[in-house]
There are 2 protein chains.
Amino acid sequence: MAKPPRAFVRPPTAQEAVLVELRRRILTAELAPGVQVLQEAFAEELGVSRVPVREALKILAGEGLVRYKPQHGYFVTEHSGEELLEVYRIRQLLEAEAVRVGLGGLTLAGLAAMDAEADAVESAARQGDVAALIAANRRFHFTLFEASGRKRLVRLISQLWDAAEPYRASYFADQDNRATVPSEHRELAAAARRGSVPEVVRLLDAHRGRGMRALQGTEGFSG
Amino acid sequence: MAKPPRAFVRPPTAQEAVLVELRRRILTAELAPGVQVLQEAFAEELGVSRVPVREALKILAGEGLVRYKPQHGYFVTEHSGEELLEVYRIRQLLEAEAVRVGLGGLTLAGLAAMDAEADAVESAARQGDVAALIAANRRFHFTLFEASGRKRLVRLISQLWDAAEPYRASYFADQDNRATVPSEHRELAAAARRGSVPEVVRLLDAHRGRGMRALQGTEGFSG
DNA sequence: ACGACGGATAATGTATACATTGCTGATCGA
DNA sequence: TCGATCAGCAATGTATACATTATCCGTCGT
């Protein structure tokens with residue numbers, strides 16, 4: 001079960017490389033919501049021409065991570081408080097569905113993976129490694145969702161996570177917030193092991209709700 | 001209230017024009033699921049270079065309407081029967097939500113619009129104008145959804161409609177299928193007028209279910 | 001002082017040319 | 001006859017050059 005360190009894969013095309021880097025910067029709010037992505041500058045920084053940059057931006061525009069204004073360029077999507085609420089509400093619906101469909105089919109390997117990711121979250125939280133925390137947190141939850149076997153559903157949920165991600169960078173920076181997450185994960189994993197759909201859904205709702213409320217407190221939470 | 005005939009707007013950029021045309025061809029199955037979109041040929045046909053074609057394709061890839069294989073190009077997305085089922089299931093969840101949120105806020109103008117679109121659907125069905133039927137049918141349903149005021153929700157539902165659209169071109173070509181749709185719309189509009197969420201949701205489920213089952217009958221419905 | 005016009009600048013949008021990759025099919029060898 | 005190698009082709013991927021558009025700001029006129 002030990003994962004070999006992920007093999008280094010050079011993306012086959014420049015646009016893919018740009019896409020990965022752009023997405024990373026947006027999700028970590030390194031490129032903050034609202035700011036324009038200057039093609040020329042970004043291209044030069046990555047050592048490619050503007051073409052692959054534009055193509056990567058188009059992908060992100062299709063996903064909703066950036067907005068395109070003709071003759072004005074690409075801007076990291078901003079979400080109002082209301083829109084973030086909407087995102088969380090839709091997540092509630094879709095994640096509940098994923099649990100209903102998938103929990104019965106969750107394998108022992110899947111449960112073990114959840115435990116492993118819960119460990120990773122906890123240790124990352126202790127060390128204050130926000131990036132690792134976010135990554136592990138995501139893997140923890142998506143192990144559960146992916147048990148549903150529904151690719152489209154999982155992809156939608158993933159996009160919804162992405163939408164809120166830039167706003168959570170600051171959330172996990174806070175020690176108190178980091179502290180409560182691991183124990184909630186333990187409860188979730190335990191409920192999953194018992195195979196109780198209602199419990200898992202309830203815990204998930206609570207977990208998500210706490211994250212959402214924390215967001216409302218921290219952020220410039222208006223329109 | 002009379003809509004002026006929609007003003008002709010030349011898209012500000014070539015890519016937008018290409019995007020519209022490409023999407024149209026995919027949704028009408030003029031470009032059938034699975035086929036490759038040859039950039040050179042398509043560009044020449046539209047009288048532009050390959051660049052805007054590629055950029056439009058990237059958008060569609062981000063939306064999931066085409067798949068991108070590095071060094072191989074872009075292919076209209078194919079969906080297995082299972083995947084289409086998944087799409088309908090997610091639609092059920094999200095459309096119900098839209099109705100719950102929006103029905104109370106549906107204005108008289110909105111109700112009138114639904115009636116008007118129902119008329120349009122019926123007359124298009126009688127004349128056998130499949131394209132007009134599909135367009136009006138879509139407007140009918142989305143008038144209802146948009147009453148929710150939730151942009152993201154509506155956009156997601158819209159993408160789910162798009163995913164199944166290529167497979168429904170043949171569905172509406174059948175006279176019998178065209179016949180049942182208008183009466184169901186009347187019932188829906190009536191229930192909406194009464195403001196009854198459970199009834200609207202129930203009718204919507206039935207309506208959608210019929211469409212889905214019809215799809216299963218007609219299509220190469222395997223994996 | 002205020003507003004309008006206009007040119008300079010800087011960004012985006014597009015075409016063209018070139019590089020690279022993948023495939024096909026023919027040729028060569030055993 | 002079978003298989004492998006390689007040349008040619010056809011498609012995609014990328015860079016560069018050019019066209020177009022928006023914006024900024026100074027000047028001019030009133």
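Chain letters run A, B, ... following the sequence lines, proteins first and then strands; every chain starts at 1. Remember, predicted model here, so these are calculated numbers, not experimental data.
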- Message: Between A:R138 (side chain only) and A:S158 (backbone N and O only), is there a donor and an acceptor less than 3.5 Å apart?
- Response: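 Side chain of A:R138 to backbone of A:S158: a pair is present.
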
Next item on the list: Return yes if some donor-acceptor pair links the side-chain N/O of A:R67 with the main-chain N/O of A:Y74 below 3.5 Å, else return no.
Entry: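 Not confirmed, A:R67 side chain does not pair with A:Y74 backbone.
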
For this session: Consider only side-chain N and O atoms of A:Q92 and A:R208, and report whether a donor and an acceptor are under 3.5 Å apart.
Result: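 A:Q92 vs A:R208: no donor-acceptor pair found between side chains.
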
Are any of [X]'s side-chain N or O atoms less than 4.0 Å away from OP1 or OP2 of [N]?
{"X": "B:Q36", "N": "D:dT12", "result": "yes"}
{"X": "B:Q15", "N": "C:dT14", "result": "yes"}
{"X": "B:Y74", "N": "D:dA11", "result": "no"}
{"X": "A:R54", "N": "C:dG13", "result": "yes"}
{"X": "B:R50", "N": "C:dA15", "result": "no"}
{"X": "A:H72", "N": "D:dT23", "result": "yes"}

Taking all non-hydrogen atoms of both residues into account, name the closest pair between B:L27 and B:E165 and its distance.
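Result for this residue pair: O-CG, 3.6 Å.
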
For A:E44, does the CD atom sit with more than 12 other heavy atoms under 6.0 Å from it, leaving out its own atoms?
->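 Counting other residues, nucleotides and ligands, CD of A:E44 stays at 12 neighbours or fewer.
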
> Under 4.0 angstrom, heavy atoms only, what part of the nucleic acid is A:Q39 near: base, sugar-phosphate, or nothing?
Replying inline: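 A:Q39: backbone/sugar contact only, no base atoms under 4.0 Å.
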
ask   = At under 4.0 Å between heavy atoms, what does A:V37 touch on the DNA or RNA strands: base, sugar-phosphate, or nothing?
value =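 Touches sugar-phosphate only.
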
How many whole angstroms separate atom [atom1] of [X] from atom [atom2] of [N]?
{"X": "B:F42", "N": "D:dA11", "atom1": "CZ", "atom2": "P", "result": "16 Å"}
{"X": "B:K58", "N": "C:dG13", "atom1": "NZ", "atom2": "P", "result": "17 Å"}
{"X": "B:L46", "N": "C:dA15", "atom1": "CG", "atom2": "P", "result": "11 Å"}
{"X": "B:E40", "N": "C:dA17", "atom1": "CD", "atom2": "P", "result": "12 Å"}
{"X": "A:E44", "N": "C:dA10", "atom1": "CD", "atom2": "P", "result": "14 Å"}
{"X": "A:L57", "N": "C:dG13", "atom1": "CG", "atom2": "C1'", "result": "14 Å"}
{"X": "A:E16", "N": "D:dT12", "atom1": "CD", "atom2": "P", "result": "16 Å"}

Check: Does B:L38 or A:Q71 map to a spot on DNA chain D nearer the 5' end, using the closest nucleotide for each?
Finding: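 Here B:L38 is the residue nearer the 5' end.
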
Subject >> Of the listed nucleotides C:dT14, D:dG13, D:dA11, the one nearest the side chain of B:Y68 >> reply: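 Selected nucleotide (nearest to the side chain): D:dG13.
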
